[in-house]
> 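Questions regarding the structure given below will be posed in turn.
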Amino acid sequence: MGKSHIHKPKRNFILWLMALLMLASGVEIVPQAQAEYGDVVINNQSDKAGMRPPIFPHWFHRIRFRCKVCHADLGFKFQAGGNQINMLKIIDGEFCGACHNGEIAWSVENCDVCHSGKPGTPTQVHGSTVQKLIGKPAPAAGQK
Amino acid sequence: MKLMKRLMAGTVAGVLVATLFASAAHAAEPAAAPAPAAGVNTFNRLMKPKSDRNPAQANDGIHDPTCEGTGLLQLPKEAFKDMPEASSGNYVDWVQALNKQLIKPRYDRKNPNEEPVVLDLDIVREVKGTMPDVVYPHDRHTMWLDCSNCHPDIFIPEKGKNQISMAMILMGQKCGVCHGKVAFPVAECRKCHSKKKDGSGGGKPAAQAEPAKSEPAKKPTK
């Protein structure tokens with residue numbers, strides 16, 4: 001009986017203090033994704049295979065290649081997840097493998113550099129207008 | 001007496017924890033905007049502060065910070081350091097960066113010296129309402145792209161054959177296949193809606209080609 005009388009104000013005080021601190025320091029309780037505009041997450045198969053989904057940084061490649069190289073010469077369609085890429089095609093020199101072959105760019109043994117997405121991140125073009133308008137696809141659902 | 005002592009101890013502990021929390025929070029975000037003044041009525045409530053732009057991959061929300069590869073990636077801020085600024089997208093003016101040769105993206109996968117085939121042809125599209133007409137510049141697009149990227153799948157290369165609306169663009173069709181995904185988004189209205197309706201021409205942003213030409217003129221850059 002007596003104990004609860006002592007603890008209650010203390011507990012309240014600490015809770016109140018923490019709430020105030022969170023407000024003051026501007027800590028966001030739910031962090032919002034704000035990756036680079038145009039980053040493409042491809043999660044057609046990765047989650048199912050127990051691998052982190054790959055993230056393609058458009059901006060990084062745009063500094064080094066014109067759009068035409070991948071989208072005309074290599075045949076990448078303008079659609080996230082719409083290219084049916086898999087590791088076999090890549091090691092046979094298709095899609096990413098046209099450059100990521102140890103000659104033009106580093107080779108496929110660096111799995112983690114591409115497969116660096118948070119598990120469960122759905123296929124998307126990050127920061128796209130469509131994503132902003134109709135919301136993000138459901139986690140791990142994988143957009144087609 | 002006992003109660004007082006316990007309360008005092010609690011307060012001291014609380015303040016200690018508070019200072020720790022506060023210093024940790026401040027150390028974690030040195031470039032953050034000044035603390036909001038009054039809760040709900042903050043200035044620019046929905047605007048992302050400049051310090052939040054181009055975050056490192058480890059805290060961008062989609063990369064796994066526990067993945068080794070994440071730490072190997074080039075930081076966007078580092079890459080964009082000397083590039084001309086834009087107000088949306090990657091906050092980089094890619095066309096200017098290319099024109100000023102701040103970046104030298106290859107036009108061919110293997111040959112770093114291959115030059116693009118640039119088509120200098122502007123297409124004017126008259127639009128409904130009071131918005132200025134749209135001038136579509138082929139030159140800035142052919143610097144990056146091949147004709148086959150757009151023709152004939154996205155745009156039929158014939159006058160009057162293509163119906164385009166802002167709704168389609170917003171939903172990722174027509175211009176929206178790139179604009180709103182990788183190329184500058186529709187927030188930058190005047191980049192496309194650049195020709196005054198009264199016929200006085202002009203209106204085209206600086207450092208861009210002159211108004212529409214009737215004859216296509218093919219020429220390589222430089």
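Just so we're on the same page: letters track the sequence lines, and every chain starts at 1. Just so you know, these numbers come straight off a predicted model, no measurement behind them. Just so it is clear, the values below take in all heavy atoms, side chains as well, and ignore hydrogens, waters and symmetry mates.
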> Inspect the surroundings of NZ in Lys110(B) and state if more than 12 heavy atoms from other residues, nucleotides or ligands are less than 6.0 Å away.
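Open.
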> Val186(B), Leu98(B), Asp153(B), Leu102(B): which one forms the most heavy-atom pairs within less than 4.5 Å of chain A?
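Answer, by heavy-atom pair count under 4.5 Å with chain A: Leu98(B).
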> For Arg64(A), is it the side chain, the backbone, both, or neither that has a heavy atom closer than 4.5 Å to a heavy atom of chain B?
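Contact with chain B: backbone and side chain both.
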> Taking every heavy-atom pair that is under 4.5 Å apart, which of Arg52(A), Glu103(A), His58(A) has the most such pairs with chain B?
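Ranked by contacts with chain B, first place is Arg52(A).
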> Nearest 0.5 Å, please: how far is CZ in Phe184(B) from OH in Tyr37(A)?
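Between Tyr37(A) OH and Phe184(B) CZ, I get 9.0 Å after rounding to 0.5 Å.
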> Using the side chain to side chain contact (heavy atoms under 4.5 Å, CB included) rule, take Glu114(B) and Val69(A) through it: C-alpha gap first, then chi angles, then the decisive distance, then the call.
CA-CA 11 Å; Glu114(B) 191 162 318; Val69(A) 176; over 6 Å; no
> Heavy-atom distance under 4.5 Å to chain B: side chain of His61(A), backbone, both or neither?
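Neither; nothing under 4.5 Å.
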> Which of the residues Pro65(B), Gly89(B), Ala56(B) is involved in the greatest number of heavy-atom pairs with chain A at under 4.5 angstrom?
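That would be Gly89(B).
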> Give the member of Asn149(B), Leu145(B), Ile103(B) that has the highest number of heavy-atom pairs under 4.5 Å with chain A.
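That would be Asn149(B).
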> Among Ala187(B), Pro55(B), Ser88(B), which has the most heavy-atom pairs under 4.5 Å with chain A?
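Of Ala187(B), Pro55(B), Ser88(B), Pro55(B) has the most heavy-atom pairs under 4.5 Å with chain A.
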> Starting at NZ of Lys68(A), measure out to SG of Cys147(B) and round the result to the nearest 0.5 Å.
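It comes to 10.5 Å.
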> Step through the shown structure and confirm whether more than 12 heavy atoms of other residues, nucleotides or ligands are within 6.0 Å of NZ on Lys48(B).
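Yes.
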> Among residues 67-76 of chain B, which residues come closer than 4.5 Å to chain A, judged by heavy atom distances?
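Checking residues 67-76 of chain B against chain A gives Cys67(B), Glu68(B), Gly69(B), Thr70(B), Leu72(B), Leu73(B), Gln74(B), Leu75(B), Pro76(B).
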> By a 4.5 Å heavy-atom criterion (distance strictly below it), what part of Phe80(B) contacts chain A: side chain, backbone, both, or neither?
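Only the side chain of Phe80(B) comes within 4.5 Å of chain A.
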> Under the ring pair (Phe, Tyr, Trp, His ring centres under 6.0 Å) rule, collect the residues that match up with Phe65(A), sequence neighbours excluded.
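Once residues adjacent in sequence are excluded, Phe65(A) has no partner under the ring pair (Phe, Tyr, Trp, His ring centres under 6.0 Å) criterion.
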> Rounded to the nearest 0.5 Å, what separation is found between the CZ atom of Arg106(B) and the CZ atom of Arg66(A)?
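So the CZ of Arg106(B) and the CZ of Arg66(A) are separated by 12.0 Å.
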> Which distance, rounded to the nearest 0.5 Å, do you find between the CD of Glu36(A) and the CZ of Arg53(B)?
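The distance works out to 11.0 Å.
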> Based on non-hydrogen pairs under 4.5 Å, which of His179(B), Met83(B), Met171(B) is most in contact with chain A?
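Between His179(B), Met83(B), Met171(B), the count favours Met171(B).
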> Sort Ile169(B) into side chain, backbone, both or neither according to what part of it lies under 4.5 angstrom from a heavy atom of chain A.
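Contact with chain A is absent: no heavy atom of Ile169(B) under 4.5 Å.
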> Please say whether more than 12 non-hydrogen atoms of neighbouring residues, nucleotides or ligands are located less than 6.0 Å from NZ in Lys89(A).
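Yes - once you tally the heavy atoms of other residues, nucleotides and ligands closer than 6.0 Å, there are more than 12.
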> Tell me, for Ile104(A) versus chain B, whether the close heavy atoms (under 4.5 Å) come from the side chain, the backbone, both or neither.
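Side chain only.
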> Does any backbone or side-chain atom of Asp39(A) lie under 4.5 Å from a heavy atom of chain B? Answer side chain, backbone, both or neither.
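Looking at Asp39(A), just its side chain touches chain B.
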> Sort out for me which of Ala72(A), Pro53(A), Cys111(A), Cys70(A) touches chain B most, counting heavy-atom pairs under 4.5 Å.
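Among the listed options, the one with the most contacts to chain B is Ala72(A).
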> Is the count of non-hydrogen atoms from other residues, nucleotides or ligands lying under 6.0 Å from Glu109(A) atom CD greater than 12?
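Atom CD in Glu109(A) is packed in, count exceeds 12.
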> Compare every heavy atom of Ala79(B) with every heavy atom of Ile63(A), then report the nearest pair and how far apart it is.
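Taking every non-hydrogen atom into account, CD1-CB, 3.9 Å.
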> Measure Val41(A) against the heavy atoms of chain B and call it side chain, backbone, both or neither at under 4.5 Å.
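Looking at Val41(A), just its side chain touches chain B.
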> CG of Asp146(B) to CG of Asp73(A): how many Å apart, nearest 0.5 Å?
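With rounding to 0.5 Å, CG (Asp146(B)) is 7.0 Å from CG (Asp73(A)).
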> Hey, is the main chain of Ala98(A) close enough, under 3.5 Å, to the side chain of Arg109(B) for a donor-acceptor pair?
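Checked: pair present.
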> So, for Ser128(A) and Lys181(B), which heavy atoms are closest and what is the spacing to 0.1 Å?
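So the two residues come closest at CB-CG, 4.0 Å.
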> Can you tell which part of Pro112(B) gets under 4.5 Å to a heavy atom of chain A, answering side chain, backbone, both or neither?
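Interface part for Pro112(B): neither.
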> So, taking the atom named CD1 in Ile154(B) and the one named CZ in Phe78(A), what distance separates them when rounded to the nearest 0.5 Å?
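Here the rounded value is 5.5 Å.
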> Does any backbone or side-chain atom of Thr142(B) lie under 4.5 Å from a heavy atom of chain A? Answer side chain, backbone, both or neither.
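Interface part for Thr142(B): neither.
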> Counting heavy-atom pairs under 4.5 Å to chain B, which of Gly38(A), Pro57(A), Ser116(A) comes out on top?
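It is Ser116(A).
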